[in-house]
Each structure stands twice: as structure tokens, then as C-alpha cells.
Amino acid sequence: NIRGGREMTAMRPGETGGVVLLGWKTRDRALALLQQDCEFDPPLNDHDAEVLWARYRERVNAVRGRPVRAPAPLVFTDDEQRLVADFLQDQARHGGNVRGVVKVDPLGLVAHQLEITTARTT
């Protein structure tokens with residue numbers, strides 16, 4: 001279950017904290033998630049769930065069609081170069097298949113991740 005609303009509340013056993021990017025979901029999937037998997041007090045009716053989804057869908061529609069370009073690689077600092085070298089050596093030692101590391105400005109990335117779990121598992 002995902003706890004909805006504006007106030008942060010403690011999670012009960014079995015609940016998982018997370019972030020859902022509603023605007024990227026279809027109307028039906030978003031409404032099902034809001035009404036079946038989230039807790040709101042009082043529970044959301046169809047109209048309120050659709051109004052909440054529509055607000056985020058408008059934001060998504062505003063960014064659709066923008067040009068998608070690979071972000072320009074940035075130069076590593078000396079400290080970052082040492083960290084990258086250590087990382088690549090560690091990967092090679094443990095059979096990793098990482099061939100390189102690229103530094104970019106994350107604001108230049110285009111992502112499509114619909115749900116993010118923020119809780120840690122033990």
C-alpha cells in the first residue's frame with residue numbers, strides 16, 4: 001500500500017514508501033492505483049482521482065515532443081578520475097562488464113521511470 005495525502009505519516013508493517021509518476025500512467029491505470037493501492041483519508045472517488053491524475057498528465061503532455069539529445073559528457077575532476085579508475089578495477093576483478101563511466105548533468109537526461117520505491121529492504 002502507498003499512503004496518500006499531504007502529511008507524512010508512519011508506515012505500518014507491510015507498507016512500502018514510494019513515489020509514483022502518475023502523469024506517465026494511462027488514466028485507467030492511474031485511477032486504479034490511486035483507488036486500490038493508495039490510502040487517502042477519505043478515500044478518493046472517481047472524480048477526485050481523475051482530477052489528481054489530470055493535473056500531472058498536463059505536465060507530461062507539456063514535455064512530450066521536446067527534442068531528445070544525448071547529454072554532453074562532462075570532464076571528471078582529479079578526485080573523480082581516481083574514483084572511476086578504482087571502480088573499473090574493482091569491476092574487472094569481480095567479472096563485471098562495465099567498460100567505462102561517463103559524467104553527465106542529470107537534468108539533461110530523459111527518464112521514463114513510473115514508480116520509485118524509496119524504502120530500503122532488510
Side-chain angles (χ1 to χ4, degrees):
N1 285 350
I2 300 169
R3 191 172 295 280
R6 296 182 184 182
E7 294 183 22
M8 182 67 83
T9 58
M11 288 186 290
R12 292 182 242 161
E15 292 182 332
T16 302
V19 176
V20 176
L21 305 178
L22 285 176
W24 289 100
K25 292 188 171 289
T26 64
R27 176 198 169 279
D28 291 343
R29 285 189 174 189
L31 270 57
L33 180 124
L34 289 168
Q35 294 177 306
Q36 297 167 18
D37 297 328
C38 297
E39 288 186 25
F40 288 89
D41 188 18
L44 293 180
N45 60 35
D46 288 346
H47 176 265
D48 291 341
E50 185 164 2
V51 167
L52 180 59
W53 167 77
R55 188 172 72 210
Y56 291 101
R57 187 60 167 203
E58 287 175 22
R59 292 179 186 175
V60 168
N61 288 336
V63 298
R64 288 183 191 265
R66 69 181 177 179
V68 177
R69 296 181 189 90
L74 302 175
V75 177
F76 289 111
T77 65
D78 290 341
D79 287 340
E80 290 169 334
Q81 286 177 346
R82 282 189 288 278
L83 289 170
V84 167
D86 291 346
F87 171 75
L88 292 173
Q89 285 177 354
D90 189 56
Q91 285 292 304
R93 253 192 319 270
H94 294 95
N97 60 1
V98 177
R99 293 186 287 176
V101 176
V102 179
K103 178 181 176 180
V104 297
D105 177 356
L107 295 178
L109 298 174
V110 176
H112 192 105
Q113 185 171 350
L114 304 182
E115 299 177 24
I116 303 165
T117 302
T118 59
R120 296 182 85 178
T121 60
T122 56

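- Taking CD of Gln35 as the start and CG of Asp46 as the end, the distance is 4.5 Å to the nearest 0.5 Å.
- Residues meeting the side-chain contact (heavy atoms from CB on, under 4.5 Å) test with Arg69, sequence neighbours left out: Pro67.
- Taking each heavy atom of Leu22 and Ala30 in turn, the nearest pair found is CD2-CB, 4.1 Å.
- With a 4.5 Å cut-off on side-chain heavy atoms, Phe76 and Val101 count as touching.
- None of Asp86, Asp79, Asp78 except one satisfies the salt bridge (charged side-chain N to carboxylate O under 4.0 Å, His left out) rule with Arg82; the exception is Asp79.
- What you find for Lys103 and Val75 is that their closest heavy atoms are NZ-O, 3.3 Å.
- Closest approach of Gln91 and Val98 over heavy atoms only: OE1-CG2, 3.4 Å.
- Taking all atoms of both residues into account, the shortest heavy-atom contact from Val102 to Pro73 is CG1-CB, 3.9 Å.
- Counting only heavy atoms from C-beta outward, the side chains of Asp105 and Pro71 never approach each other to under 4.5 Å.
- The hydrophobic clustering, which links ILVMFWY residues whose side-chain heavy atoms are closer than 4.5 Å, places Val63 and Leu21 together.
- With values rounded to the nearest 0.5 angstrom, Leu88 atom CG is found 11.0 Å from Leu83 atom CG.
- Grouping the Ile, Leu, Val, Met, Phe, Trp and Tyr side chains by contacts below 4.5 angstrom, directly or via other members, places Leu34 apart from Val51.
- Residues Trp53 and Leu44 have side chains not in contact (no heavy-atom distance under 4.5 Å, counting atoms from C-beta outward).
- Considering Arg55, Arg27, Arg57 in turn, Arg27 is the only one that fulfils the side-chain hydrogen bond (donor to acceptor under 3.5 Å, both in side chains) rule with Glu50.
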